[in-house]
*Asks:* 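One structure follows; several queries about it will come next.
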Amino acid sequence: MKQTIPLWRYGVDAACLALALVLGALGLLEAYGASLNFILAAVGGLVAGLALAWANVHFKLGTWRTLGLFALLYLLLGTPLATPREAAFGLLPTGQSLRTLLTGLVFSWKDMLTVAPPVGSYGGVLIVAFLSALLTALLAGLAAWHLRSPYWTLLPLLAMFVLGIVFGTRDVPMPVARGVAFIAVLVGWLAWRRFIDTRVSGGFSSLNHEQLDSQGSKQLLLRRVIAGTLVLAGAGVATAAATPLLAPETPRQVLRDALEPPVDLYDYPSPLTRFRKYVKTMADDTLMTVKGLPKDERIRLAALDSYNGMVINVDPSAGGSFAPVGDASDIRSADTVEGREAAELEFSIKDYQGVWVPSGGKLLGMELTGGREDELARSLFYSDSSESALSSIGLAEGDAYTAKVLFPAKPSDEQLNELDLAQFRMPELANVPAIAGAKAAEFTGSGRGDLERVRSIEAMLSGTGFFSNGTEGQVPSLSGHGAGRITSLLDAEQMIGDDEQYAVAMALMAREQGIPARVVMGFYPEEYAPEKAVEIKGSDVHAWVEIAFEDVGWVAFNPTPNEDEQPTPPEQEPKAVPQPQVLQPPPPAQEEADLPPQTAPEPQEVEEEPETFWERWGQVIIVAGISLGSLLLLLSPLLLIALLKLRRREKRAKSGSTGDRMSGGWQELLSHATDHRIATANGATRRESASVLAAGFPALSDPVRSLAQRADAANFSHEQPTEEQVRKYWEDVIAHTRKMQEPLGFFGRMRVKYSPRSLIHELAAKTAKTARILQQKNRRKPWR
């Protein structure tokens, strides 16, 4: 009578596997922001996967029942653990939660990489943690309790650890400690399994022999565990000490850094193009109210660093830095800078409209209110490098939110003099007016220090220029900041303009000097009152320049002259005294000139160009390709099994002599029986194997014995069988394998067809045979 494995030994394996998987899942901790939802999803997936693996072994569920239960667990447990925001009351499945779970099998992996960490729980991003934990736990449990060698179990454990690295962030949580602990758990568990396998008859499949666990064996196991622990602890200490010396200076790259930009900035015009609209037509309109704005701080819309000769804008190639916001309440910056002032700004949108979201400096989080919380939360994008946020659906009257921000540091000139300019890639500028470089060299003069050059440009613009935004009562001043407008500003005897022109001019001049500069557009009021809501009007719009310094980040500079610096109007010429009119004689008649024939084409209606094939069907083809690719990826294990079986059958039917091919036909019959869970012992004779097959398939008792006798005759006879005999033998083998499947239904036939049981059985037999040969060779070596 076959005994069962003690439950406590299942528990030891499950505990070790769960600990290793948890260490791997911790790689996603920073990506999810250590949220409770992530912990529940990962732990719930691990427990459910190990429980399903144990049920498969204990109740002998089989492949298809296990797959069915896996799908059921994914949908039922995935609702509260992976899609809590879409579930009813956070627990019950809904149409939206089930739809998110099904589509998340394909799209959640990309969402996980394109959403800015912490990714939160919107849109099914928790599916990555839940599904990966559920699947790797199931595979690890099945490998540990079904396969003879425990080393196969390392594959899903390592897969979970690698997944935590690939889908994580640059900030790896406890890398050395996790790595050492992970290796320690694996080494300890493998030592435990090897100890049990060498002392329990029949390997792990017979771990019920309690009497073999002698006191001496337990003491030996304890000594080995203690020694292994000390060795690993010493290695971990040495690794931790050497890590600072061996770690690269540049930050490590993760998969999310290589993805395409999730937002196309070409779709959003530069906010600076609306500058004059604010000051001329919306000067008295209340754009928004803000409460909590500290004195002398500014509300920023966007940082503009790309120029094409017509407009300055956010670099379109920097769209990748604008990542979708996962959890709006927890938008943590990639880096922190000392000396920054934290504040909470309460915004209420009035007449302001646009995609750029007003905020302060680095955005730490947003509490959305106003009735469109869900829509805005799903449409938010944030760039930590430019400290700007945008909403793809745009802000509208009635929207409200509280922004937690860190305002930029304000170091003194003494501190900046000791710092170097920051070194990083800035977007290339195009069509910069030549006068910008010439004036920059003139303004900086003999200035040597970085700060001295910046202050020289700022002082010359703000000190010698005049302010005018073209409103009523001021000197005319053209709007815009194209190359022509900047040239006219810098080349005039009197520089006349407003924030728009002066900020762009300084940024271009600084960039021509190799100084990292950008223009920032935003608002700040004339009078501050942090304790109450302050109205921000159109006349409060401003633009300034930011220069990047090492260690402190971007520092603001103000090149715009004071509004009181008005230019002197040009002197008006005296009016001419009118003279009496004198009648002039008519001009002499002239011959009409021969005009050239009219060559201009008649105006025609512009015909709309028909859509190309790709414009019409491209999106459909892409979606279909992704869906088909995902389906092929899911079916790839089954396709691989079918391919290996086909290759095995072709090799058996066509390789070797006629006798070898008849033996291959018999092996093909045994392989099909193994897939039906009727396995024969390795090394058994054909007659013994035929008896096992006859007991498993009573209807094929006589044909199986006949096939065994024919194969024996072909191998042990002095005459080789003919090609016709081989062909007839293989036809009988194929016919009998089909009869084996007749009692089965469709799913039963698919289970047999794609079962890897025979492949694993043959691989194990070859491995055991190789080990016996090596052992025999070692025994034959003479003693020296």
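These numbers come from the heavy atoms of this one structure, side chains and all, not from hydrogens, waters or symmetry mates.
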*Asks:* Using a strict threshold of under 4.0 Å (side-chain N to carboxylate O), is an ion pair present between Lys753 and Asp675?
*Replies:*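 Salt bridge absent between Asp675 and Lys753.
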*Asks:* So do Leu190 and Leu154 actually touch side chain to side chain, heavy atoms under 4.5 Å?
*Replies:* yes
*Asks:* Taking all non-hydrogen atoms of both residues into account, name the closest pair between Ser383 and Ser386 and its distance.
*Replies:* OG-OG, 3.0 Å
*Asks:* Between Trp54 and Trp145, which heavy-atom pair has the shortest distance, and what is it?
*Replies:* N-CZ3, 3.6 Å
*Asks:* Can you name the nearest heavy-atom pair linking Gly124 to Thr100, along with the distance?
*Replies:*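 Heavy-atom minimum between the residues: CA-CG2, 3.7 Å.
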*Asks:* What heavy-atom pair brings Thr79 and Leu75 nearest, and what distance separates the two atoms?
*Replies:*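 So the minimum-distance heavy-atom pair works out to OG1-O, 2.8 Å.
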*Asks:* Please say whether more than 12 non-hydrogen atoms of neighbouring residues, nucleotides or ligands are located less than 6.0 Å from NZ in Lys404.
*Replies:*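 Counting neighbours around NZ of Lys404, 12 or fewer heavy atoms of other residues, nucleotides or ligands fall under 6.0 Å, so no.
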*Asks:* I want to check something: taking the side chain as every heavy atom from C-beta on, are Glu550 and Gln423 in contact at a cut-off of under 4.5 Å?
*Replies:* yes
*Asks:* Using only atom types and a distance under 3.5 Å, with no angle test, would you say the side chain of Trp152 pairs donor to acceptor with the backbone of Arg148?
*Replies:*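 A pair under 3.5 Å: no.
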*Asks:* Report all side-chain donor-acceptor pairs from residues 62-73 shorter than 3.5 Å, counting only partners two or more places apart or in another chain.
*Replies:*
from, atom 1, to, atom 2, distance (Å)
Trp64, NE1, Phe747, O, 3.3
Thr66, OG1, Asn56, ND2, 2.5
Thr66, OG1, Gly62, O, 2.6

*Asks:* Looking at Tyr754 and Ile641, would you say the former's side chain and the latter's main chain have a donor-acceptor pair under 3.5 Å?
*Replies:* no
*Asks:* Answer yes or no: is there a donor N or O on one side and an acceptor on the other, between the side chain of Tyr74 and the main chain of Leu101, under 3.5 Å?
*Replies:* yes
*Asks:* Is the closest side-chain heavy-atom distance between Ser671 and His761 below 4.5 Å?
*Replies:* no
*Asks:* Check whether any side-chain heavy atom of Phe381 sits under 4.5 Å from a side-chain heavy atom of Ser392, and report yes or no.
*Replies:* yes
*Asks:* Where is the tightest heavy-atom contact between Ala389 and Tyr382, given as atom of each residue plus distance?
*Replies:*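 So the two residues come closest at CB-CD1, 3.9 Å.
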*Asks:* Between Arg193 and Ala144 (side chain of the first, backbone of the second, donor and acceptor by atom type, cut-off under 3.5 Å), is there such a pair?
*Replies:* yes
*Asks:* Distance-only criterion, 3.5 Å: show the donor-acceptor pairs between side-chain atoms of residues 125-140 and protein atoms not counting sequence neighbours.
*Replies:*
from, atom 1, to, atom 2, distance (Å)
Ser132, OG, Val128, O, 2.5
Ser132, OG, Ala129, O, 3.2
Thr136, OG1, Ser132, O, 2.6
Thr136, OG1, Ala133, O, 3.4

*Asks:* Just checking Phe59: does its CZ atom have more than 12 heavy atoms from other residues, nucleotides or ligands closer to it than 6.0 angstrom?
*Replies:*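 Atom CZ in Phe59 is crowded, with more than 12 foreign heavy atoms closer than 6.0 Å.
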*Asks:* At their closest point, which heavy atom of Leu77 faces which heavy atom of Ala48, and how far apart are they?
*Replies:* CD1-CB, 3.6 Å
*Asks:* Applying salt bridge (charged side-chain N to carboxylate O under 4.0 Å, His left out), name anything that partners Arg85, two or more places apart in sequence or on another chain.
*Replies:*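 With neighbours one apart ignored, the set is empty.
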*Asks:* So does Glu86 pair up with Arg99, basic N to acidic O under 4.0 Å?
*Replies:*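 Here Glu86 does not pair with Arg99 in a salt bridge, since their nearest N and O are not under 4.0 Å apart.
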*Asks:* State whether the side chain of Thr153 and the backbone N or O of Pro150 hold a donor-acceptor pair below 3.5 Å, judged by distance alone.
*Replies:*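 Yes; at least one donor-acceptor contact below 3.5 Å.
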*Asks:* Just verifying a value: how many Å separate Lys645 NZ and Ser755 OG, rounded to the nearest 0.5 Å?
*Replies:*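 Atom-to-atom, Lys645:NZ and Ser755:OG are 5.5 Å apart.
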*Asks:* How many angstroms lie between atom CZ of Phe38 and atom CG of Leu29, to the nearest 0.5 angstrom?
*Replies:* 5.5 Å
*Asks:* Do Arg757 and His146 come within less than 4.5 Å of each other through their side chains, counting heavy atoms only?
*Replies:* no
